[in-house]
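Since the structure comes first, as structure tokens, the remarks are kept for the end.
Small disclaimer: the values here were computed from a predicted structure and weren't measured. Chain A is the first sequence line, chain B the second, and so forth, proteins listed ahead of strands; every chain is numbered from 1.
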Amino acid sequence: MRATRLATAGAVVALCAITLLGCGDEKAPAPEPDAKNGKATKPARTWPGQSDVRVLARVPWFGLRDQEKTYRTSEQLLGKVWIANFMFTRCGGTCPLQTARLAEIQKTMEKDIWRDDVHMVSFTVDPEHDTSDVLTTYAEENHADGTRWSFLTGVRRDIWHLSQKGFKLFAGEDPANADMPIAHSAHFVLVGRRGFIRGYFDSQTADGMEALRTALAAVLEEPAPKIMKAVDGVFRIPWLEPRRKAQIEAAKSYKTFHDFGYVDRRVDSGIRFRHRIVDDGGKDYKAIHYDHGNGVAVADVDGDGKLDLYFTNQVGSNQLWRNKGDGTFEDITKRSGLAVRDHISVTASFADVDNDGDPDLYVTTVYAGNHLFLNDGTGAFEDITKKAGLEHTGHSSASVFFDFDNDGLLDLYVTNVGVYTTEKIAVVANDSTTLFDEPGHYEYRVGVLDAFSGHLKADRTETSRLYRNLGNNRFEDVTKAMGLVDASWSGAASPIDCNDDGWLDLYVLDMQGNDEYFENQEGKGFVRKSREVFPKTPWGSMGVKVFDFENDGDFDLFLTDMHSDMQEVPPPEKEKFKGRMIWPESLLKSGGQSIFGNAFYRKDGPDSYVEISDAIGAENLWPWGFSVGDLNADGFEDAFICSSMNHLFRYQVNSVLLNEGGKRFVDSEFVLGVEPRRGRLSTPWFDLDCDGADLGHRDCGGVMGPVTMYAPLGSRSSVIFDIDGDGDLDVVTNDYNSEPMVLISDLSTKRSVRYLEIALHGTTSNRDGLGAIVRVYVGTQSYMKRHDGQSGYLSQSSCPLYFGLDKAQTADRIEVRWPTGKTQVLKGPIELNRRLVIREE
Amino acid sequence: MPTGCQFRFLLATAALLVCTACGDGAPPAVDAAAYAVPEVLEIQVTGHAFRWQVRYPGRDGKLGTADDLTGERDIHVPRNTRVRLHLRSADYVYSLALPHLGLKEIAVPDLAYELEFAGGAGGTYELRGDQLCGYTHPDLIGKLIVASAPVYAATVHAMPSAVN
């Protein structure tokens, strides 16, 4: 059988060579990047113990699904020598011989001392057909040993991109070949232990195979980098499984619907974005605000009715991914003009600043100037920062669009953290862990060593800014004029109407001290009333959301606190308790007015709040920002809290808090399958050459030679919206120094989801209707939301309000109170399970 | 395989053992009377590269003069003497705690903090240092050693001179 197959394949190969059928493109591999006309264009890479096999391009990062449906990433191959090829199971051309030859290598290696160091990776270029199940069968037929041979599948666009851009091998349509219209390479690619390509070898010739065997033997002799971690709890996380079991047991008594779950569908989404960090978060780690990472925001940038995703990044481009409506996305960064490639971005806020019906975008950066981009309605943006009078350079963080003077134009509040960097410029390290698609020279300002005491030093203050929208895309800095000068080390802020006077007040978070609350004086200015209304606030406030937790008609205030949780690493069983603050007042400087953990202020009336975080289970460990949405569509808002610290810290789960009827939050991240994460819990963070350039590095310890340092994965921000239009809410994260999670909900298959999506169209008010309050009435129950765009730390999104309506059949009435103060009523019965656009009348 | 911290801890432990061995027996002969112990002993403690550098006044009893002496990690003080630690940092933000006295203070670059306490009876006490932000550094954990004035003087006198 095998002989027949080989013989057939050989014949087809011969035919290919003559007729150029689409079974193998036979295009020459790309020229070596380090040699041109025989002269080196850049120094050859050398490592201790390196063989004389040439070092070519680095394989970009990939994360795909194998024949056993397991999530596999390129970093899991670091340390191994691997042979990659591009194939597909229906291919009758070069593929059978490719597979047979890999099987031969597998067999040859069986008794080799290096057998555990060699891996084979076959990428299918026909992933729609070659599902994991198909690949399993194919692997079995070809006697592939699953422990040493992975067949990877995903999204066609993604894999073709990897072939073309990463491996420099052609993959594409071959219309001339009607039976098998996919052209791809028949070359084997040898990849060394550090993830660099070491050679291309023709799988179809004896000479090619001989050359491969020789190179393989040489590269196998090279030492693998040692895999290390800084602390315990990176690779082995003993508390994870017991906690999962305990939570699932506890969930049996949950009185909120939790019989549904999330699956990370990033591989199927086609999203290739990968967050990358400056070295101050890795190799040159400092306790510094760079590690707050980045935001992710959504808006329908091209007016097709679907919400598109914008990820911000530290190193490399921000990326805009267009939602194709079928659960997949396409990269439209280039034509959008939103890459902001050479700056360290922080956050993104979508809002319609010119009231023309499309979302514009404001992007903040670390001391490189912030940007206002105007959308032309098609998803093409123009940078109008200068023209708009918004040129500002600071250590900026979140920005909030709201109409503080109710004039129908969205104003902008930009938070500045404080000076946490120096004038010194460093270049981001390029090593095996930085396997991104945009290699290059990236500069950043080196951070100060003592950022945690920045609030003690007046000269490091950077006041946040309030800009009034003057119309015609012009803004004016009115910070002083409106009495909003504030020295907080602030990463976020939120509009809130504490005194219920219809004018949006501002809650400003301080991540190193007391939060501030500014009462709006009917649009004429702000008065600080921080301690009068909120006597105690979290010391290290990070994330914020104003929402009605109990459906009692009052907007409550939820705040997460990261920095209080930095004082010590509590054991997992203590995570739901407030910290026992061990830092002295000389550092805290909060006059005993601090809460050392998350705070939840239940609103009982105008300016009347009661802090109830412990009573309702709102505490968690190492939280960043969070998003709020009705994940189980029962009419009560739930919370997704990104939580973790990465390098130098143990793994920490993201928290999902389901709202149990407005009575308490119940921990549900394991119940819903959000934790543990798919595939892996740690990732390579940086490389060290411990007896070379990095001799004496603090993380080398006593180890010599090459080291790859691993750190736990962790998220920073998230956005909640219905990606696939099935009526339930999905979640997308922006993870720190890794790929995002695209968590798709199966709620709509587990219960009859009743919901309304309500989009606002302001006419007298601002076009987005930001600041409006929407109430949906069903029987005696009402559900209330303020449209504020706040979704996740560091981001503002432009998306419809999602009302989960439990078992309602119709809505009886909808009331919208517009920022102008006017209330508009839609009388029922109102049909559910649709998007409703309400135009201001 | 030790991590960076663990390895440094091993080194530090080894160093401690060696020093303990050296310190056995009678203290070196020092003219304790000539070694002035002021009413309030001023000592400068500086966090630097995850270690404490401790600067003591020399024979003149005044801190900040040419005859100052320096040690690392542990802080030595004489019995029944009032002590004022001047906390400094050359790089990161640190905290220094003396749990038996319930005292804690921070050390911040460019800023001055003090921690004052009575030396009290002789003994060896815990001195806990930390670099704020959760990352524990064993080298910052040392001892507060309270000894008789002659032993204190002998110990400090044997230290290297401070380099200004």
Side-chain angles (χ1 to χ4, degrees), chain A residues 226-232 234 285-289 291 447-460 512 540 562-570 579 581-589 621-622 645 647-650 652 688 690 696-704 707 709, chain B residues 1-15 45-51 85-99 101-117 126-141:
Chain A
K226 291 183 181 69
I227 289 175
M228 285 176 57
K229 58 187 174 51
V231 295
D232 289 337
V234 177
Y285 178 85
K286 301 170 182 74
I288 194 174
H289 303 78
D291 75 1
V448 298
L449 295 176
D450 61 332
F452 233 66
S453 65
H455 60 291
L456 304 179
K457 300 179 175 180
D459 60 344
R460 294 201 190 161
Q512 287 165 220
M562 163 59 88
H563 280 170
S564 293
D565 286 349
M566 299 305 303
Q567 54 173 327
E568 57 185 345
V569 180
M581 177 47 74
I582 57 174
W583 294 337
E585 170 62 17
S586 50
L587 177 81
L588 299 174
K589 291 280 182 195
L621 183 70
W622 293 338
M645 278 302 301
H647 181 53
L648 297 181
F649 295 85
R650 67 165 165 88
Q652 172 61 358
L688 293 170
C690 286
H697 189 283
R698 64 183 171 194
D699 290 317
C700 284
V703 172
M704 302 299 272
V707 163
M709 187 65 73
Chain B
M1 184 184 301
T3 64
C5 273
Q6 287 165 338
F7 188 75
R8 281 193 298 274
F9 182 65
L10 290 175
L11 282 180
T13 309
V45 183
T46 305
H48 177 52
F50 311 113
R51 284 176 163 268
L85 300 182
H86 295 268
L87 298 174
R88 300 284 187 276
S89 167
D91 43 37
Y92 306 95
V93 188
Y94 298 90
S95 72
L96 186 152
L98 297 169
L101 297 172
L103 292 176
K104 181 158 209 156
E105 193 45 275
I106 52 173
V108 177
D110 309 320
L111 296 180
Y113 290 91
E114 294 177 0
L115 199 57
E116 197 169 317
F117 59 95
E126 195 184 4
L127 184 153
R128 296 187 66 84
D130 190 19
Q131 185 228 341
L132 295 182
C133 229
Y135 185 25
T136 306
H137 291 265
D139 287 3
L140 287 168
I141 295 175

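- Within a 6.0 Å radius of NE2 in B/His86, other residues, nucleotides and ligands contribute more than 12 heavy atoms.
- The most heavy-atom pairs under 4.5 Å with chain A, out of B/Val108, B/Leu111, B/Ile106, come from B/Ile106.
- For the atom pair CG of A/Leu587 and OH of B/Tyr94, the computed distance is 14.5 Å after rounding to the nearest 0.5 Å.
- The OG atom of B/Ser95 lies 6.5 Å from the CD1 atom of A/Ile582; values are rounded to the nearest 0.5 Å.
- Under a cut-off of 6.0 angstrom, the local environment of NZ in A/Lys589 is sparse, with at most 12 non-hydrogen atoms contributed by other residues, nucleotides or ligands.
- Contact record, A/Leu449 with B/Tyr92: O-CD2, 3.2 Å, taken as the closest heavy-atom pair.
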